[in-house]
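Reviewing the structure listed below.
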Amino acid sequence: RHARCLSDWSSDVCSSDLFVYLFVGGCRGNLLSVATVCRFDGFGKGEGARCLQKEPSEQGEEPFVSLEIPTNPEFTLAHVNGVAYKKYKAKEYVLYPQKAGQIQIPKLTFDCMVMQRDLLLDRIDDFLNGGGIGVNVKRSAPQLVLNVKPLPTPKPSGFSGGVCHFKIKLKMGTANLLTNELATFRRTISGTGNLKLITAPDLVFPDGFDSYPPQIVDETTITEDGVSGSISFDYTLVPREVGKFEMPKVDFVFFDPQKG
């Protein structure tokens with residue numbers, strides 16, 4: 001029997017056999033620092049057609065902060081122009097635009113594999129051969145451009161970039177301390193929005209306390225609705241003097257798109 005060179009197979013996988021499409025949703029007006037969800041869906045014919053992994057995009061400064069959403073590898077049935085495909089999520093991200101204006105979603109190229117039957121083999125040989133020959137191809141999704149609007153100006157004093165719906169809570173581990181005893185002052189921001197982009201404020205603690213840079217406690221979840229949960233900043237303090245001390249007042253200024 002005649003064997004077919006593997007290098008000939010990739011040319012037989014046309015764009016209609018396997019392709020990747022980019023869907024963008026949850027834009028909320030494409031506002032600066034507001035979550036935009038983008039999903040790269042793979043569409044393949046037959047068994048074993050899927051995108052395995054992506055190549056890194058070759059770009060300089062990224063216009064987005066991207067957070068990957070865990071995807072389900074299971075297939076669903078979809079029809080495109082009357083043709084049946086197996087559809088699956090190749091990659092899905094929450095994007096936070098970092099600048100206003102027209103921004104192109106970074107191009108991703110996927111390493112894909114398609115299982116093809118060798119027509120020179122009968123079905124029994126084809127089955128014994130693992131169901132066909134795995135053909136490696138590359139696929140890229142068409143690029144999209146988002147028109148990102150800036151946040152309202154002027155920015156209020158103390159605004160540190162938080163955008164969406166948040167609450168703030170302050171907690172001191174204990175109100176009664178001994179000198180040289182470790183204590184924790186916790187600042188927690190909870191809600192839904194760009195939580196992972198919020199930075200710790202520079203707090204000024206009373207004289208008589210040693211303070212150390214905060215430890216970050218990340219209790220967030222990334223879903224198609226964006227990032228939700230809480231981010232806590234734990235400041236370690238050590239009192240060196242006896243007396244009554246007032247902890248610093250902490251304001252958190254953020255922009256709520258629903259309230260404007």
Side-chain angles (χ1 to χ4, degrees), residues 20-42 51 54 56-57 59 61-74 76 87-108 110 141-153 155-156 158-169 186-201 214 216-234 250-260:
V20 179
Y21 197 81
L22 170 60
F23 294 88
V24 177
C27 299
R28 302 178 189 173
N30 294 333
L31 193 65
L32 187 69
S33 291
V34 175
T36 294
V37 177
C38 76
R39 186 180 74 245
F40 294 86
D41 282 349
C51 298
K54 71 178 181 68
S57 56
Q59 297 208 3
E61 182 180 356
E62 293 286 355
F64 299 94
V65 170
S66 62
L67 303 174
E68 187 170 352
I69 303 172
T71 56
N72 189 336
E74 294 182 358
T76 58
K87 171 188 170 184
Y88 52 90
K89 296 178 183 179
K91 288 287 181 180
E92 189 170 23
Y93 298 91
V94 174
L95 302 180
Y96 287 98
Q98 296 301 289
K99 63 179 183 180
Q102 289 193 334
I103 302 178
Q104 191 172 67
I105 293 179
K107 179 180 179 180
L108 296 185
F110 292 85
Q143 291 185 284
L144 294 178
V145 175
L146 298 181
N147 185 23
V148 179
K149 302 175 183 178
L151 297 179
T153 55
K155 296 180 181 178
F159 178 69
S160 59
V163 178
C164 242
H165 321 295
F166 302 112
K167 294 181 180 179
I168 184 172
K169 181 180 179 181
R186 168 170 283 197
R187 173 185 187 255
T188 299
I189 299 172
S190 60
T192 300
N194 59 346
L195 281 165
K196 288 182 175 290
L197 305 184
I198 296 173
T199 58
I216 299 176
V217 180
D218 188 334
E219 296 179 310
T220 59
T221 302
I222 305 172
T223 69
E224 292 182 346
D225 295 324
V227 179
S228 60
S230 67
I231 293 283
S232 296
F233 302 95
D234 287 350
V250 181
D251 293 324
F252 180 56
V253 181
F254 63 92
F255 175 70
D256 187 337
Q258 291 187 352
K259 296 182 179 179

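Between Val65 and Gln98, some side-chain heavy-atom pair lies under the 4.5 Å cut-off. In this structure, the side chains of Lys196 and Ile222 come closer than 4.5 Å at one or more pairs of heavy atoms. In this structure the side chain of Thr192 never reaches within 4.5 angstrom of the side chain of Asp225, judged on heavy atoms. Between Lys89 and Ile69, every side-chain heavy-atom pair lies at or beyond the 4.5 Å cut-off. Side chains of Ser160 and Phe252 form a contact here, defined as non-hydrogen atoms less than 4.5 Å apart. Side-chain contact between Val37 and Tyr93 is absent, with no heavy atoms from C-beta onward closer than 4.5 Å.
In this structure, Ile168 CD1 and Asp251 CG are separated by 7.5 Å, a value rounded to the nearest 0.5 Å. For the atom pair Phe23 CZ and Glu92 CD, the distance stands at 11.0 Å (nearest 0.5 Å).
Between Phe40 and Phe110, the two ring planes are tilted [angle within 30° to 60°].
Among Ile231, Ile198, Asp256, the single residue meeting the side chain to side chain contact (heavy atoms under 4.5 Å, CB included) criterion with Phe166 is Ile198.
Tyr96 contributes a side-chain N or O that, together with a main-chain N or O of Gly193, makes up a donor-acceptor pair within less than 3.5 Å. Checked by atom type and distance alone, the side chain of Asn194 pairs as donor or acceptor with a backbone atom of Gly161 at under 3.5 Å.
Closest approach of Cys38 to Leu22, counting heavy atoms only: CB-CD1, 3.8 Å.
Qualifying ring-ring contact (aromatic ring centres under 6.0 Å, His included) partners for Phe64, counting only residues two or more places apart in sequence or in other chains: none. Under the salt bridge (charged side-chain N to carboxylate O under 4.0 Å, His left out) criterion, Arg187 pairs with no residue, sequence neighbours left out.
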(request) Please step through side chain to side chain contact (heavy atoms under 4.5 Å, CB included) for the pair Val217 and Asp234, ending with a clear verdict. (result) CA-CA 8 Å; Val217 180; Asp234 287 350; 3.6 Å; yes

